[in-house]
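First comes the structure, then the notes that go with it.
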Amino acid sequence: MGQTARTTKLLLDLRARDQGGANSNKRRYLEETVTILDAARQFYLDFFLAHPEKLMERVEVVSKQTGEVREGLISSDKLLTWAEFQTVETREHPTPLASWNFSRQFPDFPNRYRRSVIKDVIGKARGYLTTLLKWQRSGKKQGKPGVPTASNHPTLYAGTFALELDALDLRKSFVRLKVYTGSEWVWVQYPTRYNRYFEQRRAEEGWEQESPKLVLGKQSAAIHFLQSKAIKARKIVESKRDPDLVTVAVDLNVKQLAVITVRQHGTIIQTRFVSDQGLDQARFRHLGRIAKKQWQSGQAVKGERSNQQLWRHIRRQNTDAAHKTARAIVEVCEQYPGCVLLFERLRTIKAAGGSKSRRRNRKQANQLKGKINQLAKEKAYAKGVVSVEVNPHGTSQYCSRCGAKGVRFTSQAGQRVTGKGGKLFFCPVCHYECHADFNASCNVHHSFFREFHWQPRTPKSG
Ligand SMILES: [Zn+2]
């Protein structure tokens, strides 16, 4: 049994009111809220670090399952109660510690926010103290752990947040948030940027809802909804014993982003090519423009990022392509329940030769491969599909039919022109001809089952 988590973003609509969004104060309230929560977190971080003996107190813990009593670290619930008793004024307890009076410093601070802040800080402070202690014991001079920062995205618990979805028209949905105006705490409604995708993900079965977070960017504001799911998946060793096992192999490339082949009982039963739709060329052009602009403006100013918009555009296009390709891979996996997803272990290739923009483009393409690999694994695992990385040795050089060493070629006017950059593959032994990336994808299956002589005997798959 494993666990997987995912986040779905819901954007708040902070455009001017005449454009259908919230008014300008609403944005400011969010900023004020983040600021005051950070300040409150700093208060409790200082408080706990001033009481390390309590934070690391060992107490007797009774196991809920076995009833066994053993010594353990004080629970965060107990610490929370203790911290509140020391710092918060109540009618029954009107005198908290004089120098740590939270109620005076933060009047009318909502209880829910206070508790979420304290819980945040307990983990941070404990982690810091543990690494600090380790460092002190090691006797090293360098590498002293830094004091953790108090800033964080606010966690929204029930009582500070409510999602109001209009059952009839989801476009009129609101998020109600308890926010700080700079002088008081009020409930404010924020219109959301509706998206159907969000609805679909929230309602999807098997996913557990966790407390959402408010994430305030420079230009945008969003609520990140966290979900988690328990995953049941077979172990790879068990899968490998299954004679009906379906393997889905992926070969990642530059122009054909992914070539997906599905194999069962030794034959390829499905193939899917995911093209980059001209992304590589477009990116090359963009990078050329960046290089030109950098040359024209002379030496780059230190600390100042140039061509920000273009870079952002390139990044977005890459992320988008990565998600789409990963999605396509998982779509294929979903057709074969219990299948195993195979990737080649990615090689770290340093881009060399060619112009600056060409090198940069190769680097970007490599990063894209890594991104697709990572996203596809995550998305597949959420569907209960386990991935394996196989040894990439020889997958593009050898024939996937007979295992002999082959050549790359291009077809020009009906003639075979052999060359390294060729998109086609030819085997001189069995005369097999096919798309080179397809051949490589088929070889990934062979590599998983270690079927050919050129594959190393000792597996390094993970
Ligand atoms: Zn062959």
Side-chain angles (χ1 to χ4, degrees), residues 236 239-276 280 325 328-329 332-333 335-336 339-349 365-366 369 372-373 376 387-462:
I236 292 297
S239 295
K240 237 177 174 173
R241 275 186 227 123
D242 179 359
D244 298 321
L245 176 70
V246 175
T247 46
V248 178
V250 180
D251 181 58
L252 298 174
N253 289 290
V254 178
K255 298 252 157 88
Q256 295 296 335
L257 286 178
V259 178
I260 311 159
T261 52
V262 184
R263 196 180 108 163
Q264 191 181 29
H265 304 139
T267 35
I268 301 293
I269 51 174
Q270 193 191 336
T271 305
R272 183 164 171 186
F273 282 73
V274 184
S275 152
D276 79 335
D280 191 59
T325 313
I329 295 168
V332 173
C333 292
Q335 297 170 32
Y336 308 97
C339 70
V340 172
L341 179 59
L342 310 176
F343 279 101
E344 284 182 323
R345 191 153 9 90
L346 290 177
R347 283 168 277 212
T348 42
I349 314 151
N366 275 330
K369 273 192 196 176
I372 295 171
N373 184 295
S387 315
V388 179
E389 291 206 338
V390 303
N391 195 315
H393 172 78
T395 46
S396 57
Q397 291 142 314
Y398 293 91
C399 171
S400 63
R401 272 216 179 148
C402 70
K405 196 158 188 164
V407 285
R408 295 287 199 96
F409 74 97
T410 42
S411 181
Q412 280 170 17
Q415 292 293 308
R416 211 181 276 141
V417 183
T418 52
K420 244 189 148 185
K423 277 284 106 192
L424 298 167
F425 178 88
F426 170 69
C427 171
V429 176
C430 72
H431 294 249
Y432 177 51
E433 262 183 38
C434 65
H435 192 286
D437 297 340
F438 172 76
N439 185 60
S441 186
C442 294
N443 271 335
V444 172
H445 297 277
H446 291 310
S447 192
F448 176 64
F449 292 108
R450 261 169 271 126
E451 291 162 329
F452 280 142
H453 64 90
W454 45 266
Q455 275 142 2
R457 292 287 136 201
T458 45
K460 271 190 183 169
S461 52

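In each ligand, atom 1 is the first atom listed, and ligand 1 is the first ligand listed.
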Report summary line: For S396, the side-chain hydrogen bond (donor to acceptor under 3.5 Å, both in side chains) test, sequence neighbours excluded, returns none
Query - Which residues share a ring pair (Phe, Tyr, Trp, His ring centres under 6.0 Å) with F438, sequence neighbours left out - result: none
Query raised in the report: Does the side chain of V259 come within less than 4.5 Å of Q256's, by heavy atoms?
Result: yes
**Report entry** the Zn ion (ligand 1) neighbourhood, protein N/O/S only, threshold under 2.8 Å
**Finding:** C399 SG, C402 SG, C427 SG, C430 SG
Requested in this report: For T395 and E344, test the side chains for any donor-to-acceptor distance below 3.5 angstrom and give the result as yes or no.
Outcome: yes
Requested in this report: Assess the side chains of S400 and H446: does a donor N or O sit below 3.5 Å from an acceptor N or O?
Outcome: no
**Report entry** Results of side-chain hydrogen bond (donor to acceptor under 3.5 Å, both in side chains) for H265 - residues two or more places apart only
**Finding:** D244
